[in-house]
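Report on one structure; see the data block that follows.
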Amino acid sequence: MSQNENKEVKESKNFIQEIIEADIASGKHEGRVHMRFPPEPNGYLHIGHAKAIWINFETAKQYGGKTNLRFDDTNPVKEDVEYVNSIKKDINWLGYQWEGEALYTSNYFPQLYAYAEDLINKGLAYVDSSTPEEMAEMKGTPTKPGKASPFRDRKPEENLELFHKMKAGDFPDGAMVLRAKIDMTAPNMLMRDPVIYRIKHAHHHNTGDEWCIYPMYDFAHGQSDSIENITHSCCSLEFMHHRPLYDWFVEKLGIFPSKQYEFARMNVAYMITSKRRLLKLVEEGLVSGWDDPRMSTLSGMRRRGYLPQSIRRFCAQTGVQKRDNLQEMELLESIIRDDLNQVATRAMVVMDPLKLVITNYPEGQVENLPSKNNPQDDSAGEHMMTFSREIWIERGDFMIDPPKKYFRLAPDKHVRLKGAYIIQAEKYLQDEAGNITEVHCKYFPESKSGSDNSGIKVKGTMHWVDSTSGIPLELRLYDRLFVDPTPTGHEDKDFLEFFNKESLVINNEAIAEAHLKEVGETEPLQFMRKGYFIKDADSTPDKLVFNRTVTMRDSWAKMQKK
RNA sequence: UGACCCAUAGUGUAAUGGUAACACUACGGUUUUUGGUACCGUCAUUCUAGGUUCGAGUCCUAGUGGGUCAACCA
C-alpha cells in the first residue's frame, strides 16, 4: 500500500461493510468472510472491473477473509484462454492475488449437472421442447403474466430421460432446454420458469468437447458460490433481479447459503466500458488496440502510465453505494498527479524548440550541472545535464510583446534557466514570415544555481535542453477519447460522433536531455512544466517514444482563457 | 400500465434520531529555482408534501424524478 493510500483511510463504512460486520457480530459462518471476483473470460478488464476487483479484494482483506478468482465460463462460444491470461495479468498488476489457484465454473459442470437432476427429481425442473419464439411468446411482459408451456407438466422420469439424452448429444442445438419450474405469473420476469440448461455443440476452452449442454448463468453462479463456500457474493446492480432466483436455487437444492449483494457500477465521465463499443473503436482503427493508452482497459491505462495504486485510490475515494453515479475525470487525474508527483523522475524536454544563444558564454565550452531527480524525495538523487552556449527553449516561453503577468522571457526581461543560470534577453532574429528563429541572451555567471549571489530576482523559471547533448523524441500526447462526458447517453446519436479527433497528437519535434536514454520502461517521469510521461514499448534505440500520462495542472493556461 | 432499486453542494462520498462533514472542481490568496508541489480562504437549510418525535438528511406515508427487468448472454 502506498503512502497516499494510507493517509486516506476512511472510518465510515459502506453498506457492504455494515452487512459483513453485522454478520460477524451475529456469528454467521463463524465470522468467516470469503468473497470472489467472477469474470467471464470473454474480453479485457476495464476500469469498471477494477472497481469490482477492488471491492471484493479489499473488503475481504479488511476482515481477514479470502477472495477467489473464478472464471464464469458457461458459454463456450464467447470464451477463450487468451482472456483468462490477460485477466490474471491485470488483476496482479492492480496489486491483488487471489486465494489458491484460479477457479473455473466449468470445473463444476458435473456437480451442476447433478443439481439439475436433483431439481428434475423434485419436480422443480422440466424439459421444454418449445421453440425460442414460442417460449418468448409465452413468457408475457413485465405487465402481463406469462402462460404455461405445454411441456410444463412432463413427468420427472420423462424429463430425466430427455435431459440425459440432451447430455448424450442426441439432439441438435436449440431443440429443447431445461427450465426451472417456478411461476409463470411472477412480476419478476426471471422467475417465469428460467432456462437453466441449453444445448450447445461447441468446443469449450477448458472442458474441450466433453459437454454439449451448458448451464445458464443463473444456474451456475449461485451454485458455484455455494460450492466454494462464498459468504458474500458482491455484484453490480444489474443482477439485483437475479437474487430471488439465486436464493431459490440455494433453497431448493439445500446447499450452502451464499448471499448476493449488489452495488452500483462505477461510471467515469468521458470513458466507455461497453465491450461492444470498445471493440468498435478497435475494429474501426480509431485506437491502436485494446491496450491503446486512451482505452478504459487496464492494459490501456497501464500503457498510459497510470499507477495501479492510483486506480486503487480512485476506487476507494469513489465509494461503494447503490445510486447511479458518474465520476469525474478530474478526480482520477488529481489522484494520478498526486501519486506521480511523489515518484516521478524529473527531466527536461522541450516540446516546441526555439534556439537560444548565450552570447557571453564561451564558444566551445560545455559544463555539467546537477539536476534533482525528485524535489519531493531527496533519496531519489540527481543526474547530470550539460550546458553550453546554445540551448533549446520552449517557443511559448518567449514573447516579443508579452501580456501583463507574463513571467517568461521577453526582450530585456530576466528569467532563470532551471538548475542553471539567470539570463536576460537581448535580441531576437526573425525570418521573412516574421517567425522568431533565434533569441540572443546574456547570462550572469554569478547566478549559478545553488550558489547564486547575483542579487537578481526573477519571477519565472524555465526548462531547457542543451544543444550539444539533446536527443530527439517522439511524444504521444493523449487526451480524453470523447468530447462528451457520456458519449453513449444520447439516444439520437451514435457514440462515435463524440470521438475526440485530438485524443492523440503526435509530436516529433521534441528534444530531451540525454538522461532520458537511461530510463526504464516502467519508470514514471515528469517532463518539467509539461506533464507526466512513460516510455512506450514502441521505443527503439534510435527513436525513443513516450506517452503522456497526464498534463501538469496549469493555472497559467487557465488564467489566460479568461 | 407491473415489480424492484435509488434520491445530501457542480461531481462524488460521509453524517448509524442530536451543530450537514470530507475530497475533487470552481473562485480568491500565500509560498515556490517546475505558473508544478505545499498551504490558507469562499461555495448546501439534504427532491416535494404530509406524519411520528423534545428533536428528522436519517423513521413512516404519498407524490415527483432517475435507474433496472421480457437473451437457449454474463
Side-chain angles (χ1 to χ4, degrees), chain A residues 8 10-14 18 38-40 42 72-75 77-79 128 131-132 135-136 139-146 173-179 186-192 194-200 213-214 216-218 220-221 235 237-244 262 264 266 269 275 316-335 337-338 341-342 346 348 372 375-376 405-408 415-420 422 447 449-450 452 458-463 485 526-531 551-560:
Chain A
E8 278 157 42
K10 288 198 299 184
E11 282 142 44
S12 57
K13 297 172 187 70
N14 63 52
E18 285 180 359
E40 181 184 19
N42 69 343
D72 211 351
D73 52 354
T74 58
N75 188 357
V77 301
K78 290 190 169 182
E79 298 149 7
D128 195 332
T131 65
M135 279 182 54
K139 197 144 202 168
T141 71
T143 53
K144 257 179 271 167
D173 288 7
M176 57 191 70
V177 293
L178 185 68
R179 299 178 74 175
N188 180 347
M189 298 293 289
L190 284 160
M191 300 299 275
R192 321 244 265 227
V195 172
I196 58 177
Y197 258 97
R198 78 284 215 189
I199 302 169
K200 264 185 202 287
I213 58 171
Y214 292 92
M216 296 288 288
Y217 165 85
D218 284 303
H221 204 96
C235 58
L237 240 32
E238 54 194 301
F239 292 98
M240 193 166 44
H241 301 284
H242 295 251
R243 181 163 18 98
E262 310 89 14
M266 178 176 73
K275 196 170 302 171
Q317 292 202 13
T318 51
V320 181
Q321 78 313 109
K322 293 174 98 107
R323 43 194 120 99
D324 291 336
N325 61 90
L326 181 66
Q327 306 292 341
E328 291 181 334
M329 263 274 247
E330 285 82 355
L331 175 62
L332 213 209
E333 293 185 339
S334 160
I335 290 170
R337 287 191 184 105
D338 190 31
N341 181 46
Q342 317 284 335
R346 269 59 170 178
M348 295 208 272
K372 280 193 172 182
Q376 311 289 319
K405 290 194 174 176
Y406 183 83
F407 301 149
R408 283 111 100 144
V415 81
R416 172 172 290 281
L417 294 173
K418 174 78 182 170
I422 291 173
S447 68
S449 186
D452 182 0
V458 295
K459 283 280 219 175
T461 301
M462 298 170 12
H463 63 285
Q526 185 198 91
F527 293 174
M528 279 191 277
R529 303 208 296 145
K530 285 295 165 186
T551 61
M552 304 298 281
R553 191 173 270 122
D554 191 348
S555 54
W556 169 244
K558 199 183 287 176
M559 197 158 93
Q560 282 190 303

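Values in this document were obtained by computation on a predicted structure and should not be read as measured data. Numbers restart at 1 for each chain; the letters A, B, ... are given by sequence-line order, proteins then strands.
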*Would you mind telling me which of G66(B), A14(B), U37(B) lies closest to the side-chain atoms of Arg553(A)?*
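Of G66(B), A14(B), U37(B), U37(B) is nearest to the side chain of Arg553(A).
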
Using whole Å, report how far [atom1] of [X] lies from [atom2] of [N].
| X | N | atom1 | atom2 | result |
| --- | --- | --- | --- | --- |
| Met216(A) | C72(B) | CE | P | 6 Å |
| Leu417(A) | U33(B) | CG | C1' | 11 Å |
| Lys322(A) | C5(B) | NZ | P | 8 Å |
| Met528(A) | U37(B) | CE | P | 15 Å |
| Gln327(A) | U13(B) | CD | P | 6 Å |
| Asn341(A) | U37(B) | CG | P | 7 Å |
| Leu332(A) | A23(B) | CG | P | 18 Å |
| Asn75(A) | C73(B) | CG | P | 6 Å |

Which part of the nucleic acid, if any, lies within reach of [X] when heavy atoms closer than 4.0 Å are counted: base, sugar-phosphate only, or nothing?
| X | value |
| --- | --- |
| Val195(A) | sugar-phosphate |
| Arg337(A) | nothing |
| Ser555(A) | sugar-phosphate |
| Tyr406(A) | base |

*Can Tyr217(A) be called stacked on A74(B) when the rule is centres closer than 5.5 Å and an angle between planes below 30°?*
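Aromatic stack with A74(B) absent for Tyr217(A).
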
Taking donor-acceptor contacts at under 3.5 Å, does the side chain of [X] reach the base of [N]?
| X | N | result |
| --- | --- | --- |
| His241(A) | A70(B) | no |
| Arg408(A) | G35(B) | yes |
| His463(A) | U34(B) | no |
| Arg416(A) | U33(B) | yes |
| Gln526(A) | U34(B) | yes |

For [N], which nucleotide is its Watson-Crick or G-U wobble mate, given both distances must be under 3.5 Å?
| N | result |
| --- | --- |
| G50(B) | C60(B) |
| C27(B) | G41(B) |
| G17(B) | none |

*For U46(B) and U19(B), measure between their C1' atoms and round to the nearest Å.*
15 Å

_Separation of the P atoms in U16(B) and C59(B), to the nearest angstrom_ =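 Between the two P atoms, the distance is 11 Å.
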
*For the atom pair NZ (Lys372(A)) and OG (Ser449(A)), what is the distance rounded to the nearest 0.5 Å?*
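One finds 9.5 Å between NZ of Lys372(A) and OG of Ser449(A).
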
_Heavy atoms of other groups near Lys275(A) NZ, more than 12 under 6.0 Å_ = yes

*When you match Leu237(A) and Glu328(A) each to their closest nucleotide on RNA chain B, which lands nearer the 5' end?*
Leu237(A)

*asked:* Give me the atom names and distance for the closest heavy-atom approach of His241(A) to Asn188(A).
replied: O-ND2, 3.0 Å

